[in-house]
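For clarity, every value in this text was computed on a predicted model and none was experimentally measured. Both counts, for ligands and for their atoms, begin at 1 and track the order of listing. Residue indices begin at 1 and follow the sequence shown.
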Amino acid sequence: MPVAVGIDLGSTHCNVGIWHHGRPEIIANHHGLRATPTMVAYTDEEVLVGEAALTQMPKNIKNTVFGFKWMVGVAHAELEPHVVQLLASAPFKCVQDASGAARVEVTHKGEDRSIGPETLCSHLFEHLKSIAEQFSGESVGKCVLSVPADFTQQQRDALQACGKAAGLPFSLISDPVATAMAYGLDRTDAEISSSGRDEAHASAKATVLVVDFGGGGVEATVLTRRDGMLAIAATERDATVGGDVFVQRLVEFCAKDHKRKTGMDVFESKRGLLKLRRECESAVKALSMTQQAEPYVEAMMEGVDFKTRITRMRFEDLCYDLYDRAKEPILRAMKACGKAPEEVDEVLLAGGIAHMPRIQALVRGLFPEKTVFGAGLFPDEAVAIGATIQASLLDAHPNPAGANVPLPQSLPLSPVALGLRCLPPASADSDPEASPQVLAVINVGEPLPAQHKVDLKLARDGADGSLTVILQVLQLGSEEPSVLGNLVFAELPAGDLEFEVGLTLRTEGVLKAEALEKKSRAVQSVVIGKA
Ligand SMILES: Nc1ncnc2c1ncn2[C@@H]1O[C@H](COP(=O)(O)OP(=O)(O)OP(=O)(O)O)[C@@H](O)[C@H]1O
Ligand SMILES: [Mg+2]
C-alpha cells in the first residue's frame, strides 16, 4: 500500500518521514542516517545526491552544489543578500543566464554544463523518494513538503514543478505550521483534553510561537490557534544567524590557531578548508552536549595535521553577538502582530541549533516562567514529523471538503491594522454622525487576502467652488498612524461628495487602495509594496 511521506526541505539537510503503524516516523537514508545533506554532485560518471555527494566533496569541490533551496523560483537579480554571499564564497560557480535565472556551472561526464536550481531540486526529490521507497518497501502515496513560511507563491510553484518532474508530486506546508502539528497543536481542544495532555491549558493555547533555528537562518513565526485551526499571524527571518554562521566562527578560530602554530593559512587551501569545516560542524554539535571539543583534521594542508581544543564557554564567547541577533526575529514577529511575551501561550523550538544550551536559555529568557515550552521531540526532526502527519491526513481525507475532520490550514493573517483618513474630514456611511478622523478598515489578525469597501460622505453644506480631497491610506497601531499612500482628488465639483474606497491586502503583503468619487466618477488608485 502506498505510504504517506513528509519531507523537511532544509537548506543544509532534509529529513524524510513516513506514516507507519499509525504514527509518523523519521527514517534513515541509504547510509543509515536520519538527515540527508541538501547537496548534489556531478562526477565523470554520474550524479550523486545527499550523503554520497557530501562524502566525495573534498575531491570534487567545484562540481558539488549546495544552497539551492534559496535559488528555486527566484531570479538571479532577486536573490537575497545572504544567498548572494553564500554563492560568492561557494567553491562552485553560479552565474546569471540570458533570461535572468541563476544557474551553476559544473563539469559532468567531461563536459561543461550549466544547471538550473530546478534540476538540482529534481535530483534531490528523486533521491528523497528513493529513500522513502527503500525504507518502506512501498511506493510513495501522498507526499507533503515543508518550506519556510515566507516562501513566495513563485518559489512554491517552482518547487512543485520540480516535484512533478521528479515523479514526486507533493502538497506544501509551511515549516512553523508543520512544527505545531508535530507537537499536536492541530488537534481540537476536545481532542487534546481527552488525550489527558495538559487539560487545563488546552483551550487557552491560542498563541503559539515557533522558532526554527536552522542551518540557513532563524525563522520566528507567531501562530494563532483556534480549536485546532492554525493560522500564521506574523513571520520574521534572519538569514545571517543560522547554524552555518556558528560553524564559520569556529572555522575562523581554528584557522587562526593553525596559522599561529604553523604559519599556514588554511583559507588558501579549498580542500583543507572543507575538511576543517566538516570537523568544526561536528565540534559545534558536540559542544551542545559536552563542555569541550577537540577538533582534529588529519593532513589538513600540505600533509600537516590540525588539532586544537575549545571549551563551550570559549565557543559561546566567539559567537556572543550571534545570540543577541538570534533574538531579533522573535521580537520582530511578536511586534508585527502586537503580541507581548506574556501573551504567548506556548513556544516550540525547531532546527538543529535549537540543541545549543545557550540558544534554549536565550529563548526562555524572553518569556515569563509560566510560558509552556514544547518538549519531547528532536527539534531538527519536528518539521518533517509535522509534514508526515499532514500527508497522513491528506491520505485519510483526500477531499477535505467532504471530510469530517477539518484539515489544519495555514491561513496567513494580516500583521497590521490599516485604515483611512479623509482630508478634509468626511463621515463613514455606517455612522454619518461620527465624522471620524481615522477609519479602521482592516484589522490585525484578519485572514488574507482581506478586501473591504467603505463609503465616505463629505457634506459641504451648499459650499460652491471646487475642492481637493486627499484620502490617506494609514497603518494604524501607534498614536499617530503612519501614512502609507495618498489618493489625491484634485478639483472636485461643488456640493456634497461621496467616495467608495476599496482596500485589498493580498497574502504576500501588497496593499491596493482604490477610490471612486461617485459624482464626478473620478477614480484614483495606489499600490503599496509590503504593508
Ligand atoms: N546538536 C547540535 N548542536 C548545535 N548545532 C547543531 C546540532 N545539530 C545540528 N546543528 C546545526 O544545525 C544546522 C542544521 O539544522 P537544520 O537541519 O534544522 O537546518 P536546515 O533545515 O537544513 O536549514 P534551514 O531550515 O535554515 O533551511 C547545521 O548548521 C548544524 O551544524
Ligand atoms: Mg529547516
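If you check the side chains of Arg325 and Thr240, you find a donor sitting under 3.5 Å from an acceptor. Side-chain atoms of Glu51 and Thr36 include no donor-acceptor pair closer than 3.5 Å.
Nearest protein neighbour of atom 2 (C) of ligand 1, counting heavy atoms only, is His355 CB, 3.5 Å. Among all non-hydrogen protein atoms, the one lying nearest atom 30 (C) of ligand 1 is Glu281 OE2, 3.4 Å. Protein heavy atom at the shortest distance from atom 12 (O) of ligand 1 is Gly352 CA, 3.3 Å. Nearest protein heavy-atom contact of atom 5 (N) of ligand 1 is Ile353 CG2, 3.5 Å. At the shortest separation from atom 21 (O) of ligand 1 among protein heavy atoms lies Gly10 CA, 3.3 Å. Summary of contacts: the protein heavy atom closest to atom 4 (C) of ligand 1 is Ser288 OG, 3.2 Å. Here the protein heavy atom with the shortest distance to atom 19 (O) of ligand 1 is Gly215 N, 2.8 Å. Protein heavy atom at the shortest distance from atom 25 (O) of ligand 1 is Gly214 CA, 3.9 Å.
At under 3.5 Å, not a single nitrogen or oxygen of Val247, backbone or side chain, sits near a nitrogen or oxygen of ligand 1. Remark: ligand 1 and Leu9 share no N or O pair separated by less than 3.5 Å (distance only, no angle test). On a distance-only criterion, Ser11 and ligand 1 share at least one N/O pair closer than 3.5 Å. For Asp212, no nitrogen or oxygen atom sits less than 3.5 Å from a nitrogen or oxygen atom of ligand 1, counting backbone and side chain alike.
When heavy-atom distances to ligand 1 are checked against a 4.0 Å cut-off, Met356 comes that close only through its side chain, counted from C-beta outward. Here Lys69 has side-chain heavy atoms under 4.0 Å from ligand 1, and that is the only part of it that gets that close.
Phe246 and Phe315 have tilted rings, their planes meeting at an angle from 30° to 60° on a 0 to 90° scale.
Taking 4.0 Å as the cut-off, Gly242 does not count as a neighbour of ligand 1 on heavy-atom distance.
Taking every heavy atom of both residues into account, Phe66 and Ala90 meet most closely at CZ-CB, 4.1 Å.
Without hydrogens or angle criteria, Asp345 side chain to Thr207 main chain gives a donor-acceptor distance under 3.5 Å.
Note that the CD atom of Gln291 and the CZ atom of Arg314 stand 15.5 Å from one another [nearest 0.5 Å].
When ring centroids are compared, Phe378 and His355 come within the 6.0 Å threshold.
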